S.K.: 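Sending over a structure as structure tokens; questions will come in a sec.
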Amino acid sequence: MTDDAYGLAKQAGEAIRSATGVETHDVALVLGSGWASAADRIGTVQADVELSSLPGFPPPMVAGHRNLLRSVRAHGQNVLVFGGRSHLYEGHPASTVVHGVRSAAAAGCRTVILTNAAGGLNPAWPVGQLVLIADQLNLSGHNPMTGPPPPDDLPGRFCDLTDIYSPRLRELAHGIDGGLAEGVYAGVLGGSYETPAEIRMFAAMGAELVGMSTVLEAIAARHLGLEVLGLSLVTNLAAGLSPAPLAHDEVLEAAQNAETRVVDLISGLLAATAP
Ligand code: HPA
């Protein structure tokens, strides 16, 4: 990615407007591993755009992610659904990882829903548990606010992250689905799953979820003043807590099983936040 990450996001925002024919989008929904099918059921499709055809987006490379940006009309809102995301472990810089969120903001979005598949550290949570992210530990060693400073028409880099995950949206979500848990998400660089010793360290640090995405996007979204909801699906118990070795197929299967609840929750949130 170029040094002008913000300029590129502005270009992508314009490209989203012209490719979808939708002047302003309201909500961005970023889908994690295995979440893609849920998106097909939240509303009426207005346009499909190949993500990698837009400025700054590389082709996604992980099974279960799709190279699709979909504009959906749902509950009076224009929703930009990102079928895939870029990860640090693919070798992308932080600026590429957060490019979707910055482009969504440039396309008008004021809210972002970040979903992911995560390992669970809380022994009380079964596989398939849906968890609202209450706060995060950015253990990735990267931060999207490094590099050249944001342009003058945007806030400065030292953004406040006190309420990084919107208390208002979390309260709405609890009202829609009484079975949601809340927890702190530890975002790691990834590339491999963790060792049991690493998982014990993360638990001692207060983490209840571990995953390889979301934390950088949440920071970039808050910097731009977006309201952020983070939603993890526990697809496996974290290393050392699970009897069997971790497998990517199980992650995808657990996500498929939670689909109906996820659709209901996201639809409910869109209805509750409609203007
Ligand atoms: N660790 C890291 N990332 C993950 C996991 C995990 O156990 N499960 C799904 N994504």
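Keep in mind that this is a model prediction, so the values were computed, not measured. All ligand and atom numbering here is 1-based and tracks the order in the structure.
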S.K.: Is it the side chain (CB and beyond), the backbone, both or neither of Thr235 that lies under 4.0 Å from ligand 1, heavy atoms counted?
M.R.: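 Just the side chain.
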
S.K.: Can you name the nearest heavy-atom pair linking Ser86 to His92, along with the distance?
M.R.: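 Reported closest heavy-atom pair: CB-CD2, 3.6 Å.
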
S.K.: At their closest point, which heavy atom of Leu68 faces which heavy atom of Leu51, and how far apart are they?
M.R.: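 For Leu68 and Leu51, the tightest heavy-atom pair comes out as N-CB, 4.1 Å.
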
S.K.: Are any non-hydrogen side-chain atoms of Leu229 and Arg170 less than 4.5 angstrom apart?
M.R.: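 A side-chain contact exists here, since the closest heavy-atom pair is under 4.5 Å.
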
S.K.: Can you name the nearest heavy-atom pair linking Val188 to Val210, along with the distance?
M.R.: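 Looking at all heavy atoms of both residues, the closest pair is CG1-CG2, 4.1 Å.
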
S.K.: Could you tell me the separation between the NZ atom of Lys10 and the CD atom of Glu14, rounded to the nearest 0.5 Å?
M.R.: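 If we round to the nearest 0.5 Å, Lys10:NZ and Glu14:CD are 8.5 Å apart.
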
S.K.: Establish, from distance only, whether the side-chain atoms of Thr214 and Gln136 form a donor-acceptor pair under 3.5 Å.
M.R.: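 Judged by distance alone, the side chains do not pair up.
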
S.K.: Gly119 heavy atoms, cut-off 4.0 Å: which ligand 1 atoms fall inside?
M.R.: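 Listed by number with element, the hits are 5 (C), 6 (C), 7 (O), 8 (N), 9 (C).
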
S.K.: Side chain or backbone of Ala118 under 4.0 Å from ligand 1, or both, or neither, by non-hydrogen atoms?
M.R.: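 Ala118 to ligand 1: backbone contact only, side chain stays beyond 4.0 Å.
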
S.K.: Short list, please: which atoms of ligand 1 are under 4.0 Å from a heavy atom of Glu194?
M.R.: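 Under 4.0 Å from Glu194, ligand 1 has these atoms: 1 (N), 2 (C), 6 (C), 7 (O).
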
S.K.: Any N or O on Tyr193 sitting closer than 3.5 Å to an N or O of ligand 1?
M.R.: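 No, since none of the N or O atoms of Tyr193 sits under 3.5 Å from an N or O of ligand 1.
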
S.K.: At a 4.0 Å threshold, what atoms of ligand 1 neighbour a non-hydrogen atom of Ala117?
M.R.: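 Those atoms are 9 (C), 10 (N).
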
S.K.: Have a look at ligand 1 and work out which part of Asn236, if any, has a heavy atom under 4.0 Å from it: side chain, backbone, both or neither.
M.R.: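 Contact part for Asn236 vs ligand 1: side chain (C-beta onward).
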
